[in-house]
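Data block below; observations after.
We count residues from 1, following the sequence as given. Computed over heavy atoms, backbone and side chain alike; hydrogens, waters and symmetry mates excluded. Computed from a predicted model, the values in this text were never measured in an experiment.
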Amino acid sequence: MTRDWSRLAVAYLVLAIAGLIGTWIYNGMAIAEMNDFFTDLRTSGPAVSSITVDLLVAAVAGSVFIIVEARRLGMRSGWLYVVASALTAFAFTFPLFLAMRQRRLNRVATESAG
């Protein structure tokens, strides 16, 4: 492992590979079965499994990012966004975290400029 590959970088790379393999297994099944992607969405075919893997891997990578970035920026309780995603939706908590992160970055920029 070179010096540019931190444990976090490797973890993200592993998630990327898992996302590629996981989604394409189900995409391959859909192609082999000659399924219509949009019909599968209504009838729970391989397309649904592909989307599930896709969203799950993205949510795990995003959750890791939330925790690491919150710690880096000194944002308290970053883990609450991850917990809240299980209670609401990652589609809600991840953009919420990004909004709070941007507020923090703006505050840091303002404090360092003034």
With hydrophobic residues grouped by side-chain heavy-atom distances under 4.5 Å, do [X] and [Y] end up in a single group?
X	Y	result
M100	W79	no
L98	F92	yes
L80	M75	no

(request) Consider only side-chain N and O atoms of T23 and D54, and report whether a donor and an acceptor are under 3.5 Å apart. (result)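 No, D54 and T23 have no side-chain donor paired with an acceptor closer than 3.5 Å.
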(message) Could you work out, with side chain to side chain contact (heavy atoms under 4.5 Å, CB included) as the rule, every residue matching Q102, not counting sequence neighbours?
(response) L105, N106
(request) Evaluate the side-chain proximity of L13 to W5: yes if any heavy-atom separation is below 4.5 Å, no if none is. (result)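 A side-chain contact exists here, since the closest heavy-atom pair is under 4.5 Å.
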(request) May I ask you to test the L8-Y12 pair for a side-chain heavy-atom distance under 4.5 Å? (result)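 L8 vs Y12: side chains touch.
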(message) Atom CZ of residue position R107 - does it have more than 12 heavy atoms of other residues, nucleotides or ligands inside 6.0 Å?
(response) yes
(message) When you measure from the side chain of S50 to the backbone of P46, do you find a donor-acceptor pair of N or O atoms at a distance under 3.5 Å?
(response)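 Here the side-chain-to-backbone pair does not exist.
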(message) Quick one: does any side-chain atom of R104 pair with a main-chain N or O of L73 as donor and acceptor, under 3.5 Å?
(response) yes
(message) Using a 4.5 Å cut-off between side-chain heavy atoms of Ile, Leu, Val, Met, Phe, Trp and Tyr, which other residues end up in the same hydrophobic cluster as W24?
(response) L20, I31
Can I get a per-line list of side-chain donor-acceptor pairs under 3.5 Å for residues 56-70, giving both atom names and the distance, sequence neighbours left out?
residue: S63; atom: OG; partner: A59; partner atom: O; Å: 2.7
residue: E69; atom: OE1; partner: R72; partner atom: NE; Å: 2.9
residue: E69; atom: OE2; partner: R72; partner atom: NH2; Å: 2.7
residue: E69; atom: OE2; partner: R101; partner atom: NE; Å: 2.9
residue: E69; atom: OE2; partner: R101; partner atom: NH2; Å: 3.2

(request) Identify the two heavy atoms, one from S85 and one from T93, that lie closest to each other, and give their separation to 0.1 Å. (result) CB-OG1, 3.1 Å
